[in-house]
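Here's the structure we're looking at; comments come further down.
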Amino acid sequence: MRRGCFEACLLIGCFFLATIAATAQEVVHALCGTVLSINSTAKTNTVGADDGSKWFFNDLTKSNVSLNFDKRIRAEATTADAFTKNGVRAVVYYFGSSDVPTAVALQDLGTGPFEKSDGTVVKFHRNEHRLTLKNKSGVELSFHISPKTVADTAMGVVEGYELELEDGAQVRVAATLLNAGETALFIRAM
């Protein structure tokens, strides 16, 4: 009797663990930089990130990978295997470790001009859609957050209106001039 109960519990435990594994999702993160090379044969690409580092990505080749990836952001991007624009500024959406990340999609940021800024959050006005930061020189910079602003957080990629930042947080912003003001295209909480 005990053995039967043990086997039943073991079987239920196995089904439970299989269910957890089957529903696990890869959290999609992002970085901003310049697409340096695309190798469609090897299904890889190289991006020079805004922090000066080079990232090498494998393209996502499996269609059955479950992703935690905002639908609106995903719709604005091009799948990694279909992206062909070398030399452009882009946001790369990826998952996995920094050793072997997998690119899910890329989003061309357009023609610019672009500004990169690192700094400390002085004030994040969520309702006013405005981020003010102080750079290393002590200069305060202010950026408009639009519905198309993309932010990378510890929990993954979110659209700008969903971003939450605390005063004192370290961020990197890629922005462009739109409508006589700087609009954040990409924000990365560091």
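This is a predicted model, so every value here is computed, not measured. Starting from 1, each residue takes its place in the sequence as its number.
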For residues 126-137, the salt bridge (Lys or Arg N to Asp or Glu O under 4.0 Å) pairs (sequence neighbours left out) are R126-E164

Nearest heavy-atom approach of A103 to N45 is CB-ND2, 4.2 Å

Do the side-chain N and O atoms of T120 and Q170 include a donor-acceptor pair separated by under 3.5 angstrom? yes

Excluding F56, membership of its hydrophobic cluster (Ile, Leu, Val, Met, Phe, Trp, Tyr; side-chain heavy atoms within less than 4.5 Å) reads none

The reported gap from OG1 in T41 to CG in N39 (rounded to nearest 0.5 angstrom) is 5.0 Å

| Between V173 and L185, is there a shared hydrophobic cluster once you connect ILVMFWY residues whose side-chain heavy atoms come closer than 4.5 Å? | no

Under a 4.5 Å side-chain heavy-atom rule over Ile, Leu, Val, Met, Phe, Trp and Tyr, are L165 and L141 clustered together? yes

Note to self: Checking S117 against E115: is there a side-chain donor and acceptor pair closer than 3.5 Å?
What the structure shows: yes

query: So, do V104 and L67 sit near enough that their side-chain heavy atoms are less than 4.5 Å apart?
result: yes

A184 and T149 have their tightest heavy-atom pair at O-OG1, 2.6 Å

Applying salt bridge (charged side-chain N to carboxylate O under 4.0 Å, His left out) to K85 and not counting sequence neighbours gives D108

In short, ring-ring contact (aromatic ring centres under 6.0 Å, His included) pairs touching residues 32-53 with sequence neighbours left out are none

Open item on the list: Counting neighbours of CG on N64 that are heavy atoms of other residues, nucleotides or ligands and sit closer than 6.0 Å, is the number greater than 12?
Closed with: yes

In residues 26-38, what donor-acceptor pairs under 3.5 Å come from side-chain atoms, sequence neighbours left out?
{"from": "H29", "atom 1": "ND1", "to": "D152", "atom 2": "OD1", "distance (Å)": "2.9"}
{"from": "H29", "atom 1": "ND1", "to": "T153", "atom 2": "O", "distance (Å)": "3.3"}
{"from": "S37", "atom 1": "OG", "to": "T46", "atom 2": "OG1", "distance (Å)": "3.1"}

- prompt: Do the side chain of T102 and the main chain of D59 share a donor and acceptor less than 3.5 angstrom apart?
  reply: no

On a heavy-atom basis, the closest approach of P147 and R72 is O-NH2, 3.1 Å

Taken in chain and number order and not counting sequence neighbours, the residues that satisfy salt bridge (charged side-chain N to carboxylate O under 4.0 Å, His left out) with K123 are none

>> Is the shortest side-chain heavy-atom distance between L131 and V121 below 4.5 Å?
In response: yes

Report yes if the side chains of T61 and D81 come closer than 4.5 Å at any heavy-atom pair, otherwise no. no

Same apolar cluster (I L V M F W Y, side chains within < 4.5 Å links), L106/V88: yes

- Query: I145, V171: one ILVMFWY side-chain cluster at the under-4.5 Å cut-off?
  - Reply: yes

Contacts of T84 meeting side-chain contact (heavy atoms from CB on, under 4.5 Å) (sequence neighbours excluded), chain-then-number -> none

For D118, the salt bridge (charged side-chain N to carboxylate O under 4.0 Å, His left out) test, sequence neighbours excluded, returns R172

ring-ring contact (aromatic ring centres under 6.0 Å, His included) pairs touching residues 68-108, sequence neighbours excluded, are W55-Y94, F57-Y94, F69-Y93

Nearest heavy-atom contact between S142 and T132 is OG-OG1, 3.7 Å

On a heavy-atom basis, the closest approach of L177 and E182 is CD2-CG, 3.5 Å

Between K148 and E76 the two heavy atoms that sit nearest each other are NZ-OE1, 3.3 Å

So the ring-ring contact (aromatic ring centres under 6.0 Å, His included) pairs with at least one residue in residues 113-168 (sequence neighbours excluded) are H129-Y161

Those residues at least two apart in sequence (or on a different chain) that pass side-chain hydrogen bond (donor to acceptor under 3.5 Å, both in side chains) with K43 are none

Q.
Are K54 and V47 packed together at the side-chain level, in the sense that at least one heavy-atom pair is separated by less than 4.5 angstrom?
A. no

In this structure, OG1 of T79 is separated from CG of L60 (nearest 0.5 Å) by 9.0 Å

Those residues at least two apart in sequence (or on a different chain) that pass salt bridge (charged side-chain N to carboxylate O under 4.0 Å, His left out) with D50 are R89

